[in-house]
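Order of appearance sets the numbers: ligands from 1, and atoms from 1 within every ligand.
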Amino acid sequence: MSDDRFSALLLEEKDGKVTAAVQSLSADRLPAGDVTVRVAASTLNYKDGMILKGLGRLVRAYPHVPGIDFAGVVEHSDCAEFKPGDQVVLTGWRVGEVHWGGYSQKARVKGDWLVKLPAGLTAERAMAIGTAGFTAMLAVQSLEAHGLTPDRAGEVLVTGAAGGVGSVAVAVLAHLGYRVAASTGRPAEHDYLRGLGAAEIVERGELAQAPGRPLLAERWAGCVDAVGGTTLASVLAGMRYGGAVAACGLAGGAELATTVVPFLLRGVNLLGIDSVMCPKPARLTAWARLARDLPMDKLDAMTTRVALKDLPPYADRILAGQVRGRLVVDVNAV
Ligand code: NDP
């Protein structure tokens, strides 16, 4: 491959059907931006699964290179903050949705969107964290900002625990000294979750039914919720007085049928987590904390790897809730 050419997973759309294939492209196809990055790794997140399948109208223009996050080395920079050779990581800013993303050996983006790789992380581990792990840390920070401490009574619940956001949330919270309850629909992953630090496993079905009453017995001190829907409604009804729920995702549905009673009678806080447009200072804090508060042996235990050429079938698996932990995409295995 000449220096100008690179391989990428290109999505094309015909008659409403989206197809994906690894193709060799020239650098003049890259979108506008002031920093060009030689990508080392990307990952598969739930949103990538939707984009690979052409769901949710997340991508409006084809051909398109997906991949909502990546880590790599700066190759060319017109941005004062970065110079060639700098190791960088990117999540969010709708890269991989409206701007070509990380399923590619090269990416061109705005320097403002990049974060320097924090000390202690390799590009591969930064991507093992990726968008899902970054979101989990934003959720933990938000719960802490609303008063959660390890000595508060009650457990901290993580829903969708065996998935990407959930796995990182369990490992970080357990490392910080919280007593973590992990909710999963996968009995085969109970030992995995205990290995990440979960003190208790909650069957997904226990939370999946609408709560039926505005309030249930007080149970959770806090919650990182990746599931939404009736699960989130059940969690809100079962919060302890003054507890907070960080709502990250909707793997179980976007509707939320609840009442105002948990907010009025228990002072519950419902906190929205957005990793996409999150401002840079908060990004830097979250990445620094991920390097500090996420044990690397736990991160390695939740990570599997896939070659870029083998990635497309995993879209169905992540949308069906069948991917465990984090899936790192080796963009150089084409
Ligand atoms: P994963 O697919 O890795 O994890 C989702 C988990 O949710 C699954 O592993 C499964 O966990 C559980 N689950 C799946 N389907 C259902 C269902 N029908 N009912 C109940 N539980 C279900 O996805 P991610 O962790 O990458 O993302 C999780 C959610 O967070 C997604 O909705 C995603 O879009 C969102 N997200 C939001 C971000 C933000 O900025 N707010 C950023 C990143 C992700 P188990 O098998 O353990 O039950």
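For atom 48 (O) of ligand 1, the closest non-hydrogen atom of the protein is G185 N, 2.8 Å. Nearest protein heavy-atom neighbour of atom 11 (O) of ligand 1: G160 CA, 3.4 Å. Looking at atom 29 (C) of ligand 1, its nearest protein heavy atom turns out to be A226 O, 3.4 Å. In terms of protein heavy-atom proximity, atom 43 (C) of ligand 1 is nearest to T135 OG1, 3.5 Å. At the shortest separation from atom 23 (O) of ligand 1 among protein heavy atoms lies Y46 CB, 3.6 Å. The nearest protein atom to atom 4 (O) of ligand 1, hydrogens excluded, is given as G163 CA, 3.3 Å; this is a heavy-atom distance.
In this structure, E81 does not pair ionically with K116, as no charged nitrogen and carboxylate oxygen lie closer than 4.0 Å.
Within the structure, the closest approach of K47 to ligand 1 does not fall below 4.0 Å when heavy atoms are considered. Heavy-atom distances between L250 and ligand 1 reach below 4.0 Å in at least one pair.
Residue V165 holds the heavy atom nearest to atom 44 (C) of ligand 1 of all those in T184, L207, V165. The closest heavy-atom contact to atom 9 (O) of ligand 1, among the options R324, H190, E189, R186, comes from R186. Summarising the contacts of atom 16 (C) of ligand 1 with G133, S183, A251, G164, the nearest heavy atom is found in A251. Relative to atom 35 (C) of ligand 1, the option among G228, G272, G249, A132 with the closest non-hydrogen atom is G249. Considering only non-hydrogen atoms, atom 19 (N) of ligand 1 lies nearest to G252 out of C248, G252, A254.
Ring-plane geometry between W113 and W93 is classed as parallel, the angle between the planes falling under 30 degrees on a 0 to 90 degree scale with a further cut at 60.
Of the possible polar contacts, none joining the Q87 side chain to the A123 backbone as a donor-acceptor pair under 3.5 Å is found. Under the 3.5 Å distance criterion, the side-chain polar atoms of R324 are left unmatched by any main-chain donor or acceptor of E189. A donor-acceptor pair under 3.5 Å is absent between the side-chain atoms of R240 and the main chain of G222, judged by distance alone. Here the side chain of R305 pairs no donor or acceptor atom with the backbone of D330 at under 3.5 angstrom.
A side chain to side chain donor-acceptor pair (under 3.5 Å) with T36 is found for one member of E75, K106, H76, R108 and no other, namely R108. When each of V89, D34, V35, D86 is tested with L114 by the rule side-chain contact (heavy atoms from CB on, under 4.5 Å), just one qualifies, namely V35.
The number of heavy atoms from other shown groups lying within 6.0 Å of CD (Q209) does not exceed 12. For E12, the CD atom counts as densely surrounded, since its 6.0 Å shell holds more than 12 non-hydrogen atoms of other residues, nucleotides or ligands.
Heavy-atom contacts of I273 reach the following atoms of ligand 1: 39 (C), 40 (O), 41 (N) (cutoff under 4.0 Å). Taking every non-hydrogen atom of D274 and a distance limit under 4.0 Å, the qualifying atoms of ligand 1 come out as 40 (O).
Residues D4 and S26 have side chains that never bring a donor and an acceptor to within less than 3.5 angstrom of each other. Judged purely by distance below 3.5 Å, without hydrogens or angles, the side chains of T303 and R326 never pair a donor atom with an acceptor atom.
With a 4.0 Å heavy-atom cut-off, ligand 1 is reached by the backbone of A161 but not by any atom from C-beta on. When non-hydrogen atoms are compared, ligand 1 lies under 4.0 Å from the side chain of V227 (C-beta onward) but not from its backbone. The parts of A162 lying near ligand 1 are both backbone and side chain, judged by heavy-atom distances below 4.0 Å.
Looking at ligand 1, you won't find any N or O of V323 less than 3.5 Å from one of its N or O atoms. Backbone and side-chain nitrogen or oxygen atoms of R204 are examined, and one is located within less than 3.5 angstrom of a nitrogen or oxygen of ligand 1. Backbone and side-chain nitrogen or oxygen atoms of G325 are examined, and none is located within less than 3.5 angstrom of a nitrogen or oxygen of ligand 1. Distances between N or O atoms of S275 and those of ligand 1 include at least one value under 3.5 Å.
At a threshold of 4.5 Å between non-hydrogen side-chain atoms, the residues K47 and V276 count as touching.
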